[in-house]
Amino acid sequence: MGGAVAAHQLEGGWNAGGKGPSVADVMTAGSNGVERRITDGVIAGENYPNHEAIDFYHRYKEDVALFAELGLNCFRTSIAWTRIFPNGDEEEPNEEGLQFYDDLFDECLKNGIEPVITLSHFELPYHLVTEYGGFKNRKLIDFFVRFAETVMTRYKDKVKYWMTFNEINNQANFMRDFAPFTNSGLKFPEGASDVEREEIMYQAAHYELVASAKVVELGHKINPNFQIGCMIAMCPIYPESCKPEDMMAATVAMQRRYWFADVHVRGHYPNYLKAYFNRKAFKLDITDEDITTLANGCVDYIGFSYYMSFAIKDHDKAPFFDYSEDKDLVKNKFVEASEWGWQIDPLGLRWSMSWFYERYEKPLFIVENGFGAVDELEPDGTIHDQYRIDYLSAHIKAMKESVEYDGVDLMGYTPWGFIDLVSAGTGEMKKRYGFIYVDKDNDGNGSLARSKKDSFAWYQKVIATNGEKL
Ligand code: P53
């Protein structure tokens, strides 16, 4: 048991140590219901919350000591691609960036905490967007492989567990700008039609899957003990009712959101997707060599995040039931939601674990789970976040049931944002997930001091008893 974060959401130091700007560095702060804006480069006077984040870059030693006190066995973070290759297309890496992660991993290992590393967590070098158009350009495969080879070689004796692309399937929501940009550095041409957006998304995702497969193969050569996984955002999609058309709509929606996992794990495109590509007459660059690469780079385990479940109704879309994540989802009247509208559904985690395990028979690693909420600081500085404890307890209980009653092979569990950090979706600080409070508000004010919430002692006990005491 451990905890999870991502470099761009906590490190700050966005231009320190030779780091270049990433896609996260050109996104302004949004708020609940207000999307983050993507600016053309870094513009003076805008509020970019990731530039300072919680300043982990300069405070990691004290922070890792706190993580050790919490009792983390493992620490999932990402390596900011732009610390290593500031523009993404250089031949040689930036030594200062490499040294930073050497020091961070040493600090973790010294404290008995094993690093678990995501290679690409919404941190594509911004230069690869402006010069190459992001991952819709085949050249990005080589840039990513070079980055991965560099860090996997450098840290081969410090890091065993890796993941390639964080939540690669978020971009199934191609009608919004956020996921295609953060996943793949995509900016759609002005006035692009729905179909054009979709085709571009599939092309970029294909190149990412090829890049991932190459890195899996290469990683196993660098160190045969490496465990290299994918990372899927799992929000199961339930039929709104038992009406057969609702069931079929849910099935098709699951295909459109989770085919990425099929390719990662099985090494080939599923027939339902080939049939869809044919029907849509997409012109995708998928070569025979790519097909071989995919087959040779199947992942070792399935990393996934779980926060919420979705529901869908058929919307009279028979016979194709084409899915629009932007329009087709409906509220599930049987569950409550967080302040940000994320539906709280612990049993959905057990369902998801069964779905993955039945389908792939590969070990699962829950690499994110958590409850984003507004915390109230009491006059004496304490924070009573019982709602967070309730959410996590219920999910850990579901996880235990999955292992005990359904026979699922679970490798680990790392709750998200166990130290408060910048929200990916909204750029807010006040959407907090942490057991460790960080004094900073949405406007960037605050001392950045760390303190323990009630959930800190609770999670300490959970880790110490391996989930027996909730
Ligand atoms: P925030 C959408 C749906 C599920 C997970 O999210 C998501 C997103 C993107 O917002 O992202 C993951 O911060 C992601 C993390 C992120 C976390 O979930 O929007 O891997 O980077 O911070 C929570 O509340």
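Every number for a ligand or one of its atoms is a count from 1 in the order of the listing. These values consider heavy atoms only, across backbone and side chains, with no hydrogens, waters or symmetry-generated copies. Worth saying up front: this structure is predicted, and the values here are computed from it rather than measured.
Taking the side-chain hydrogen bond (donor to acceptor under 3.5 Å, both in side chains) definition, one finds that Ser78 meets it with Glu123, sequence neighbours left out. Taking the ring-ring contact (aromatic ring centres under 6.0 Å, His included) definition, one finds that His8 meets it with His121, sequence neighbours left out. Residues that satisfy the side-chain contact (heavy atoms from CB on, under 4.5 Å) test with Ala394, not counting sequence neighbours, are Pro346.
With respect to Arg388 and Asp375, a salt bridge is recorded, a charged nitrogen being found less than 4.0 Å from a carboxylate O. Taking a cutoff of 4.0 Å between a charged side-chain nitrogen and a carboxylate oxygen, Glu46 and Arg37 qualify as a salt bridge.
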Could you list, one pair per line, each nitrogen or oxygen of ligand 1 together with any protein nitrogen or oxygen closer than 3.5 Å, giving atom names and the distance rounded to 0.1 Å?
residue  : atom   : partner : partner atom : Å
ligand 1 : 11 (O) : Glu167  : OE1          : 2.9
ligand 1 : 13 (O) : Ser423  : OG           : 3.1
ligand 1 : 13 (O) : Ala424  : N            : 2.7
ligand 1 : 18 (O) : Tyr307  : OH           : 3.2
ligand 1 : 18 (O) : Glu368  : OE1          : 3.1
ligand 1 : 19 (O) : Ser423  : OG           : 3.4
ligand 1 : 19 (O) : Gly425  : N            : 2.8
ligand 1 : 20 (O) : His121  : NE2          : 3.4
ligand 1 : 20 (O) : Asn166  : ND2          : 2.9
ligand 1 : 20 (O) : Glu167  : OE1          : 3.4
ligand 1 : 20 (O) : Glu368  : OE1          : 3.1
ligand 1 : 20 (O) : Glu368  : OE2          : 2.8
ligand 1 : 21 (O) : Gln9    : OE1          : 2.7
ligand 1 : 21 (O) : His121  : NE2          : 2.8
ligand 1 : 22 (O) : Gln9    : NE2          : 2.8
ligand 1 : 22 (O) : Trp416  : NE1          : 3.3
ligand 1 : 24 (O) : Lys431  : NZ           : 2.7
ligand 1 : 24 (O) : Tyr433  : OH           : 2.5

Derivation of the side chain to side chain contact (heavy atoms under 4.5 Å, CB included) call for Phe260 and Phe165: CA-CA 11 Å; Phe260 304 80; Phe165 290 92; over 6 Å; no
